[in-house]
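Worth knowing before you read on, the calculation uses all heavy atoms, side chains too, and leaves out hydrogens, waters and symmetry mates. Worth saying up front: this structure is predicted, and the values here are computed from it rather than measured.
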Amino acid sequence: MDFFNTIGKIMYEGPKSKNPLSFKFYDAERIVLGKTMKNHLPFAMAWWHNLGGGGTDMFGRDTADKSFGAVPGTMEHAHAKVEAGFEFMEKLGVGYFCFHDVDIAPETDNLLETNRRIDEISDHILEKMAATGIECLWGTANMFTNPRYMNGAGSSNSADVFTFAAAQIKKALDITVKLDGKGYVFWGGREGYETLLNTDMQFELDNCARLMTMAVEYGRGIGFKGDFYIEPKPKEPMKHQYDFDAATAIGFLRRYGLDKDFKLNIEANHATLAGHTFQHDLRVAAMNGMLGSIDANTGDPLLGWDTDEFPFDVYDTTLCMYEVLRAGGLTGGLNFDAKNRRPSYTCEDMFHAYILGMDSFALGLIKAAALIEDGRIDRFVRQRYSSYESGIGKKIRDGNTSLADLSAYAEMLGKPELPGSGRQEYLQAVMNQILFD
């Protein structure tokens, strides 16, 4: 069945095109720094938002029809979403998808029946993958929607809930391996607390680590060779979540010996909710060797929650791709964990949103490559720390000095000169020149 029969294959037409259903900057085969755009930008469709998100918010019902000709909540609907999703990805040239277990098949009150349904739908997905060449970027288990997870999954005070979470993870890993997924994500949406008055934080952190350790052992045992990911987020739905930001998540992984198997899935909107820039969390992950995958979205600075908007700010996408290029690329991909705005409810709007996101990242890639080739920013940063290349600075860097030695040097020095201008405004002007030249 053709669900988007009014829309053809989305083609690259260049920046002067006025055709809304065309790419202006994403040219899949264009070579940038020795690789095609398609290889630099492994885009993925988020099953939950694109095929399931109808625009519901806390004040109103769905505005978009995501029934795809079937009754929502039925297996017929689950099969229809498979057909619609692969048609959508094919027409856009999106090469990957991501899923939660309950995205692909409706959950029941019986675990065995839920798993049977997931098996049935994943068989359908596997057929479409073979026919189209589209791949699974990563899988995960939804351990935040069902009321049983009101206190989290790994962090739950209930051993029975913890056990059920383990069963969900086992099945989600089975399906991820079945679909040859490149990664498996832990988004601890409710792994945290509302108040410390009723919380044993140490116990909850230990239990989260136990659950992840079991997942690694099981996944490796069934042949999963990809990366496990933590997706940091500071709050919402819990007031304080244990995976607050990239640095916190890295500290957790290293404390529990999980850093050999885990990397980070960095989401732009989550970084800003933590009080950071997107670029900051990417840099923290990269310099620790843990930059794995990206949830490509943005938030609204006027709103204090996770709005999951499609990325459009080319400053942000440029600085993102600058970090990705300097880190040598991604082991994962760029998943559009984003949803149309509630008044954008038509099928065409779904395509407009992905075209916006893909073009924004393509332009960001082009400009990030230009920043690197221009070299002025990298040269300035190297020069800024040049005092550590010789003399006392080199001794500090090499670990060949002591506090006593440095104190004697400082007494001889008398008064140090100012450390040199940071030239922030100059560097911002360089970026503007590259972006708008």
Side-chain angles (χ1 to χ4, degrees), residues 1 3 43-54 56 62 64-90 94-146 149 153 164-165 167-187 189 215 219 222 224 226 229 231 265 293 295 332-333 335-339 350:
M1 184 181 293
F3 291 96
F43 292 126
M45 180 194 76
W47 206 276
W48 53 101
H49 282 322
N50 201 50
L51 302 177
T56 295
D62 283 358
D65 180 2
K66 297 290 180 73
S67 64
F68 303 113
V71 177
T74 64
M75 287 296 285
E76 290 76 18
H77 184 230
H79 282 288
K81 286 197 294 182
V82 175
E83 294 292 330
F86 276 86
E87 179 190 344
F88 181 83
M89 289 185 280
E90 274 199 292
V94 170
Y96 296 91
F97 64 90
C98 301
F99 73 95
H100 300 84
D101 49 358
V102 300
D103 298 331
I104 62 174
E107 187 177 19
T108 73
D109 291 332
N110 182 285
L111 181 61
L112 290 175
E113 173 58 17
T114 297
N115 287 347
R116 187 202 66 76
R117 291 180 172 196
I118 292 172
D119 286 336
E120 179 182 329
I121 297 300
S122 59
D123 285 344
H124 189 176
I125 292 172
L126 202 59
E127 291 172 4
K128 299 299 291 187
M129 291 172 66
T132 62
I134 292 170
E135 300 177 66
C136 175
L137 184 64
W138 52 253
T140 187
N142 179 328
M143 299 184 294
F144 51 89
T145 298
N146 193 294
Y149 295 125
F164 207 96
Q168 268 192 258
I169 292 169
K170 176 185 178 296
K171 188 61 178 179
L173 275 166
D174 289 339
I175 300 305
T176 300
V177 170
K178 175 180 177 178
L179 301 179
D180 197 25
K182 291 162 66 73
Y184 184 87
V185 172
F186 280 86
W187 177 60
I222 63 170
F224 177 63
Y229 299 124
E231 183 176 320
N265 184 59
S293 200
D295 269 10
N335 171 48
F336 285 117
D337 186 11
K339 56 193 175 188
M350 293 168 64

**Asked** So do Met350 and Lys66 actually touch side chain to side chain, heavy atoms under 4.5 Å?
**Response** yes

**Prompt:** Who passes side-chain contact (heavy atoms from CB on, under 4.5 Å) against Ala165, sequence neighbours left out?
**Reply:** Met143, Tyr149, Ala153, Leu211

**Request:** Could you grab the distance from atom CG of Asn115 to atom NZ of Lys171, nearest 0.5 Å is fine?
**Result:** 5.0 Å

**Request:** Kindly assign one of parallel, tilted or perpendicular to the pair His77 and Phe68, based on the angle between their ring planes and the thresholds 30° and 60°.
**Result:** parallel

**Request:** Answer yes or no: is there a donor N or O on one side and an acceptor on the other, between the side chain of Glu113 and the main chain of Thr108, under 3.5 Å?
**Result:** no

**Request:** Return the orientation label for the Phe97 and Phe99 ring planes: parallel under 30°, perpendicular over 60°, tilted otherwise.
**Result:** tilted

**Fill in**
Closest non-hydrogen atoms of Ala70 and Ala80, given as atom of the first, atom of the second and distance, are CB-CB, 4.4 Å

**Asked** Would you call Lys178 and Asp174 a salt bridge, using N to O less than 4.0 angstrom?
**Response** no

**Request:** Check whether any side-chain heavy atom of Asp119 lies under 4.5 Å from a side-chain heavy atom of Ile175, and answer yes or no.
**Result:** yes

**Item:** Exercise: do Asp65 and Ser67 side chains pair donor with acceptor under 3.5 Å
**Value:** yes

**Request:** Mind jotting down which residue pairs meet the salt bridge (charged side-chain N to carboxylate O under 4.0 Å, His left out) criterion with at least one end in residues 99-109? Sequence neighbours excluded, please.
**Result:** Glu107-Arg148

**Request:** Name all residues meeting the side-chain contact (heavy atoms from CB on, under 4.5 Å) criterion together with Glu120; count only those two or more places apart in sequence or in a different chain, and write none if there are none.
**Result:** Met75, His79, Arg116

**Prompt:** In Å and rounded to the nearest 0.5 Å, what is the NZ to CD1 distance from Lys170 to Ile222?
**Reply:** 7.5 Å

Below 3.5 Å, can you tabulate the donor-acceptor pairs from side chains in residues 128-138 to any protein atom, sequence neighbours excluded?
| from | atom 1 | to | atom 2 | distance (Å) |
| --- | --- | --- | --- | --- |
| Lys128 | NZ | Glu83 | OE1 | 3.2 |
| Thr132 | OG1 | Lys128 | O | 2.7 |
| Thr132 | OG1 | Ile134 | N | 3.2 |

**Message:** As an exercise, state the distance from CG of Leu179 to CG of Asp123, rounded to the nearest 0.5 Å.
**Reply:** 9.0 Å

**Message:** For a 4.5 angstrom cut-off between non-hydrogen side-chain atoms, does Glu231 reach Asp337?
**Reply:** yes

**Fill in**
The side-chain contact (heavy atoms from CB on, under 4.5 Å) partners of Thr56 (sequence neighbours excluded) come to Asp62

**Request:** Indicate yes or no: at least one non-hydrogen side-chain atom of Ile169 is less than 4.5 angstrom from one of Tyr184.
**Result:** yes

**Item:** Approximate separation, where rounding is to 0.5 Å, of Tyr229 OH and Lys182 NZ
**Value:** 7.0 Å

**Message:** Can you pull out every ring-ring contact (aromatic ring centres under 6.0 Å, His included) where at least one residue sits in residues 100-120? Sequence neighbours excluded, please.
**Reply:** Trp48-His100, His100-Phe144

**Asked** Can you name the closest pair of heavy atoms from Ala78 and Ile104 and give their distance?
**Response** CB-O, 3.4 Å

**Prompt:** So do Ile125 and Phe86 actually touch side chain to side chain, heavy atoms under 4.5 Å?
**Reply:** yes

**Asked** Would a 4.5 Å heavy-atom cut-off, applied to side chains only, mark Thr145 and Val102 as touching?
**Response** no

**Request:** Using a 4.5 Å cut-off on heavy atoms from C-beta on, say whether the side chain of Met45 contacts that of Leu51.
**Result:** yes

**Message:** Could you measure the distance from the CZ atom of Phe224 to the CG atom of Leu173? Nearest 0.5 Å is fine.
**Reply:** 7.0 Å

